[in-house]
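Chain identifiers are assigned alphabetically (A, B, ...) following the order of the sequence lines, protein sequences preceding nucleic acid strands; residue numbering begins at 1 within each chain. These figures come from a predicted structure and were not determined experimentally.
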Number of protein chains: 2
Amino acid sequence: MNSTEPMEPIFDHFENYIEVSNELKSELTKRIKEVHFRKSELVLDANTICTKSYFISEGILRTYFIKDGLEITEYFSASYEWVNSPKSFILKQKDIYYIDAIENTTAYCLEIEDLMYLFDHFPEMERYARLSMGSVFGHLMERITSIRFTSAKDKYEHFQKTYHDIYHRIPLGMVASYLGITQETLSRIRAEK
Amino acid sequence: MNSTEPMEPIFDHFENYIEVSNELKSELTKRIKEVHFRKSELVLDANTICTKSYFISEGILRTYFIKDGLEITEYFSASYEWVNSPKSFILKQKDIYYIDAIENTTAYCLEIEDLMYLFDHFPEMERYARLSMGSVFGHLMERITSIRFTSAKDKYEHFQKTYHDIYHRIPLGMVASYLGITQETLSRIRAEK
DNA sequence: ATTACTATTTGATCTATGTCAAATAATCAT
DNA sequence: ATGATTATTTGACATAGATCAAATAGTAAT
């Protein structure tokens with residue numbers, strides 16, 4: 001079996017946090033399968049419990065919710081990151097978040113049951129989850145600071161840094177709602193540079 | 001030995017996420033010790049690596065950083081929560097956050113080395129950490145939403161909900177910097193109700 | 001108790017950003 | 001390609017909240 005090659009980016013990702021044994025690799029390979037989404041395709045419906053986690057290899061997904069009839073972007077996710085609806089996924093309950101594809105996207109899908117199996121049989125997976133959540137935690141704290149005390153322009157610059165590989169591929173309206181400013185303001189900020 | 005009683009709130013906290021064996025209880029009891037801080041006392045200096053995590057049993061701690069010479073509150077922590085400087089604690093490096101006591105505070109202190117020992121010998125501790133971080137994660141996401149799209153008044157109301165047990169014990173200036181609004185605005189909001 | 005210091009309130013402006021509206025520009029479907 | 005949606009830009013105006021300044025109120029130290 002030579003099909004482990006596409007799994008390399010996932011293994012690399014894990015190896016930022018833990019050592020990945022061959023046994024774990026083979027379990028991961030067995031349980032993770034490739035999926036594709038086309039641009040605009042819905043990945044997760046908010047009226048649904050999120051039972052899958054996706055590791056993106058190509059493309060961009062957007063997590064958003066609806067407020068007063070408008071789509072508000074919670075965050076964007078790009079290559080080599082896991083995406084799911086965190087509370088829904090962990091607590092097996094519905095949450096407000098939709099996920100869709102901003103571009104045609106290739107990802108690796110892991111079901112919650114399989115993840116639970118891995119947690120139960122590979123304690124290092126628990127450690128991986130704890131450590132990787134720690135780094136996400138740091139990003140959230142940074143983002144909170146960036147939102148609280150900065151002008152619309154500074155927010156946009158922070159966004160460009162955070163998403164420097166992909167920011168130019170994201171429609172203006174989605175960026176504006178992510179930043180909590182209006183499209184018009186964002187458009188003017190872009191224009192003046 | 002009958003001194004395990006004051007540890008009960010900690011055990012209860014853990015039992016929200018995992019089962020706590022007697023063996024784990026005795027290890028926790030051995031490794032956690034009670035500490036006290038007086039009002040205004042510095043708990044963590046930003047020029048320092050955070051090596052301790054505190055579980056508060058009484059009082060309020062404040063995590064803040066300095067921006068343009070001003071103290072900006074990152075968050076408040078009250079009874080039955082763990083406090084540390086997350087990135088500093090996990091990555092053993094300096095970060096920007098100070099922690100001090102808003103009131104006289106009693107807490108239980110766990111050193112990072114002891115925590116690491118527990119992670120290594122009790123896989124359920126890894127699971128506890130993963131799950132409890134998950135719920136903190138949810139709060140951060142909520143807070144981000146609350147900051148992005150609401151008026152100063154709504155922010156203050158969200159703050160009151162989040163900290164309903166303690167919000168009235170926190171000085172106005174600290175609340176204002178937590179919310180990212182000026183003291184004057186906050187004062188006016190309070191007045192009009 | 002009295003003084004000094006710190007925190008909060010109140011008032012008068014000012015400004016960044018929102019809102020509403022309309023004009024372009026870009027993208028999509030036939 | 002052509003027309004129909006949809007996204008972005010531009011303009012005029014409104015406003016929440018910031019800033020600056022000064023008056024109270026509250027707290028702590030002698």
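- Checked by atom type and distance alone, the side chain of A:Thr106 never pairs as donor or acceptor with a backbone atom of A:His36 at under 3.5 Å.
- The nucleotide whose nearest atom lies closest to any side-chain atom of A:Ile181 is, among C:dG18, D:dT9, C:dT8, C:dG18.
- The distance between atom CG of A:Leu70 and atom C1' of C:dG18, rounded to the nearest whole Å, is 14 Å.
- Phosphate contact (OP1/OP2 of C:dC28, side-chain N/O of A:Lys39, threshold under 4.0 Å): present.
- Around the NE2 atom of A:His139, the shell of radius 6.0 Å holds no more than 12 heavy atoms that belong to other residues, nucleotides or ligands.
- One side chain, A:Ser53 or A:Asn84, offers a donor N or O that lies under 3.5 Å from an acceptor on the other.
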Audit row: A:Arg127, B:Asp120, side chain to side chain contact (heavy atoms under 4.5 Å, CB included) steps and yes/no: CA-CA 10 Å; A:Arg127 174 160 299 189; B:Asp120 287 338; 2.9 Å; yes
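- To the nearest angstrom, P of D:dA16 lies 14 Å from NZ of B:Lys155.
- Side-chain atoms of B:Thr185 never come within 3.5 Å of backbone atoms of B:Gln183 as a donor-acceptor pair (strictly under, hydrogens ignored).
- A ring pair (Phe, Tyr, Trp, His ring centres under 6.0 Å) check over residues 44-66 of chain B, counting only residues at least two apart or in different chains, returns the pairs B:His13-B:Phe55, B:Phe37-B:Tyr54, B:Phe55-B:Trp82, B:Tyr64-B:Tyr98, B:Phe65-B:Tyr97.
- Between A:Ile102 atom CD1 and D:dT6 atom P the separation is 18 Å, expressed in whole Å.
- Between A:Lys153 atom NZ and C:dA16 atom C1' the separation is 13 Å, expressed in whole Å.
- Looking only at distances, no side-chain donor or acceptor of B:Ser146 sits under 3.5 Å from a matching main-chain atom of B:Glu142.
- A rotation axis mapping the C1' atoms of four pairs onto the next four is fitted at both ends of the helix from C:dA1-D:dT30 to C:dT30-D:dA1 over five pairs, and the angle between these axes is 60° to 10 degrees.
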Close N or O pairs between protein and nucleotides 19-22 of chain D (under 3.5 Å):
residue: D:dT19; atom: O4; partner: B:Arg188; partner atom: NH2; Å: 3.3
residue: D:dC20; atom: N4; partner: B:Glu184; partner atom: OE2; Å: 3.1

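- Formation of a donor-acceptor pair under 3.5 Å by the B:His121 side chain with backbone atoms of B:Leu118 is not found in this model.
- Between A:Gln183 atom CD and C:dC20 atom C1' the separation is 14 Å, expressed in whole Å.
- If you find the closest nucleotide of DNA chain C to B:Leu186 and to A:Ser151, the one lying nearer the 5' end belongs to B:Leu186.
- Following rounding to the nearest Å, B:Leu179 (CG) and D:dA18 (P) show an atom-to-atom distance of 10 Å.
- Of the listed residues (A:Tyr75, A:Phe76, A:Tyr156, A:Tyr167), just one forms a ring-ring contact (aromatic ring centres under 6.0 Å, His included) with A:Tyr178, and that residue is A:Phe76.
- Computed from coordinates, the A:Tyr156 OH to C:dA16 C1' distance equals 19 Å when rounded to whole Å.
- To the nearest angstrom, P of C:dT27 lies 13 Å from CG of A:Leu172.
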